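Single-structure report; data block below.
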Protein chains: 2
Amino acid sequence: MSSNVKRLNEYWTDIYFHMHYPHKEKISHQVIRILQLVEKKEEVGVNEVATYLQISHNTASEHVKRMVEKNLLFKERDLLDERRVLLHLTQPGKDVLHRNTSLDEGKLEQVMNQLADEERAVVEQAFKLLSEQAKTCL
Amino acid sequence: MSSNVKRLNEYWTDIYFHMHYPHKEKISHQVIRILQLVEKKEEVGVNEVATYLQISHNTASEHVKRMVEKNLLFKERDLLDERRVLLHLTQPGKDVLHRNTSLDEGKLEQVMNQLADEERAVVEQAFKLLSEQAKTCL
DNA sequence: ATAATTATATCGTAACATACGATATAATAA
DNA sequence: TTATTATATCGTATGTTACGATATAATTAT
């Protein structure tokens, strides 16, 4: 049973290795993780960043500051609690995140076109299923 | 048609966001990329690293040196051409790579167990199909 | 043999990136 | 009014990333 899981992970990493975008930009791992967090979660502030990355809040604050300077994020004040900051991706932030975590759309389209209609449907269904179930994880 | 591809990517990033391992180690993006390259490709030397990351060969050489010092990689001389170095993952290197690119096996197993037998089969088949096709990318 | 090429390695240097403790500010809650 | 919470900033330290220049050693071409 857990061998199935290992096999799935091998497929998973193979897919990413062969279909990711080329590595162009010099970008740090922490920056990518913060972009992921801000994209996927509602209401992310500096404290959520610190908790998620297991770093101190002042370091998180500095990450955010640099990312704002680089125009990857922008800040908004929470109107209900003006101590809080709400983070959002800028368009360049979305682009950087996409190039560093998604599959290359050109390659993916090419690969999907090589499949039979039936197989394409299987892939769509599987990804949908898994992403829905994934959201139930703690 | 390309909207399907965008949807697949949304599923893809959702799956990773919800099922990756917690971010423990302070590790750079370049280090992860090198670990991925060495794991997935045969006969990787310093030059392949430089080309893959689009950095100069001396920088690549220094990355490799530091990664050997940290016991993430080890070197072997190519017996057929003793100028060349062949890189391999150490066990700690495999572990670091796994924690930073694979899905959390505990979460994955839990999620797979929530699915019906039929659905599980769909997921397995889809990942297998896609990983096989992915290898045909340039 | 000698020269050219190829694959790495090392040195010097520079610019960032990363992180934390200490401290400060401002908003909210007790 | 005081305590708490959410950020921000300063000083400091270490690590990372990168490149040009240069060096070494193995292989290939002439």
Side-chain angles (χ1 to χ4, degrees), chain A residues 22-38 41-88 92-93 96-97 100, chain B residues 22-38 41-88 92-93 96-97 100:
Chain A
H23 298 316
K24 279 191 301 197
E25 44 229 337
K26 295 161 194 168
I27 190 152
S28 85
H29 213 191
Q30 296 292 59
V31 165
I32 297 287
R33 286 163 169 171
I34 293 170
L35 291 173
Q36 286 176 316
L37 179 67
V38 173
K41 280 198 52 160
E42 298 295 318
E43 306 266 304
V44 173
V46 174
N47 240 324
E48 282 75 21
V49 171
T51 306
Y52 184 62
L53 297 183
Q54 303 185 237
I55 56 180
S56 65
H57 56 287
N58 48 6
T59 301
S61 176
E62 290 183 274
H63 275 297
V64 167
K65 186 177 155 196
R66 274 195 304 275
M67 290 172 73
V68 168
E69 281 166 6
K70 289 180 185 162
N71 196 29
L72 297 173
L73 296 179
F74 66 92
K75 291 177 179 177
E76 180 198 10
R77 280 280 159 187
D78 186 338
L79 295 178
L80 298 168
D81 180 349
E82 297 204 356
R83 290 170 305 182
R84 298 206 68 216
V85 152
L86 301 181
L87 300 173
H88 305 279
V96 166
L97 178 59
N100 285 279
Chain B
H23 299 315
K24 277 191 301 195
E25 45 230 335
K26 294 163 195 168
I27 190 152
S28 84
H29 213 192
Q30 297 292 61
V31 166
I32 297 287
R33 287 162 168 172
I34 293 170
L35 292 172
Q36 285 177 315
L37 179 68
V38 173
K41 280 197 54 158
E42 298 294 318
E43 306 264 308
V44 173
V46 173
N47 240 323
E48 283 75 22
V49 171
T51 306
Y52 184 62
L53 296 183
Q54 304 185 234
I55 55 179
S56 66
H57 56 287
N58 49 6
T59 301
S61 176
E62 289 183 274
H63 275 297
V64 167
K65 186 177 154 196
R66 274 194 305 273
M67 289 171 73
V68 168
E69 281 166 6
K70 289 182 186 163
N71 197 30
L72 298 173
L73 297 179
F74 66 92
K75 291 177 181 178
E76 179 197 11
R77 281 280 160 188
D78 186 340
L79 295 178
L80 298 168
D81 180 350
E82 297 204 355
R83 290 171 304 180
R84 297 206 68 217
V85 152
L86 300 180
L87 299 173
H88 306 280
V96 167
L97 178 59
N100 285 278

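For the numbers below, each heavy atom of this structure counts, side chains included, while hydrogens, waters and symmetry mates do not. Here is how names work: the chains are called A, B, and so on, in the same order as the sequence lines, proteins then strands, and each is numbered from 1. Computed from a predicted model, the values in this text were never measured in an experiment.
In the set dA26(D), dA8(D), dA6(D), dA26(D) carries the atom at the smallest distance from any side-chain atom of Asp81(B). The side chain of Lys65(B) sits closest to dT10(C) out of dT10(C), dT7(D), dT8(C). Listed candidates were dC19(D), dA9(C), dT5(C). Nearest to the side chain of Ser56(B) is dC19(D).
Interatomic distance, CG of Leu72(A) versus NE2 of His88(A), reported as 15.0 Å (0.5 Å rounding).
Arg77(B) has its CZ atom 13 Å from the P atom of dA7(C), to the nearest Å. Atom CG of Leu80(B) and atom C1' of dT28(D) are 15 Å apart (whole Å). In this structure, Glu43(B) places its CD atom 14 Å from C1' of dA7(C), rounding to the nearest Å. Distance, Glu25(A) CD to dT17(D) P: 15 Å, rounded to whole Å. One atom, NE2 of His57(A), and another, C1' of dT4(D), lie 13 Å apart when rounded to the nearest Å. Rounded to whole Å, atom P of dT5(D) lies 14 Å from atom CD of Glu48(A). Distance, Leu86(A) CG to dT7(D) P: 8 Å, rounded to whole Å. Between the CG atom of Asp78(B) and the C1' atom of dT6(C) there is a distance of 13 Å, given to the nearest Å.
Regarding contacts with the backbone of dT8(C), every side-chain N or O of Ser61(B) stays at 4.0 angstrom or more from both OP1 and OP2. Distances shorter than 4.0 Å separate some side-chain N or O of Arg84(B) from OP1 or OP2 on dT8(C).
Residue Asn58(B) is in base contact, counting any heavy-atom pair closer than 4.0 Å across all strands shown.
When each of Val64(B) and Arg83(B) is assigned the nucleotide of DNA chain C with its nearest heavy atom, Arg83(B) is the one assigned upstream, toward the 5' end.
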Show each protein N/O and nucleotides 15-18 of chain C N/O combination with a separation under 3.5 Å, one pair to a line.
from, atom 1, to, atom 2, distance (Å)
dA17(C), OP1, Lys70(A), NZ, 3.0
dT18(C), OP1, Ser28(A), OG, 2.5
dT18(C), OP2, Ser28(A), OG, 3.4

What's the verdict on side-chain contact (heavy atoms from CB on, under 4.5 Å) for Arg83(B) and Asp78(B), showing C-alpha distance, side-chain angles and the deciding distance?
CA-CA 7 Å; Arg83(B) 290 171 304 180; Asp78(B) 186 340; over 6 Å; no
Go through the steps for Val85(A) and Leu87(A) under the test side-chain contact (heavy atoms from CB on, under 4.5 Å), then give the verdict.
CA-CA 6 Å; Val85(A) 152; Leu87(A) 300 173; 3.7 Å; yes
So Val44(B) and Lys41(B), side-chain contact (heavy atoms from CB on, under 4.5 Å) or not? Walk me through it.
CA-CA 6 Å; Val44(B) 173; Lys41(B) 280 197 54 158; 3.7 Å; yes
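For NZ of Lys24(B), the number of neighbouring non-hydrogen atoms (other residues, nucleotides, ligands) closer than 6.0 Å is 12 at most.
Residues Gln30(A) and His29(B) are not in side-chain contact: their nearest non-hydrogen atoms beyond the backbone lie 4.5 Å or more apart.
Although no hydrogens or angles enter the test, the distance criterion places a donor-acceptor pair under 3.5 Å between the side chain of Glu48(B) and the main chain of Gly45(B).
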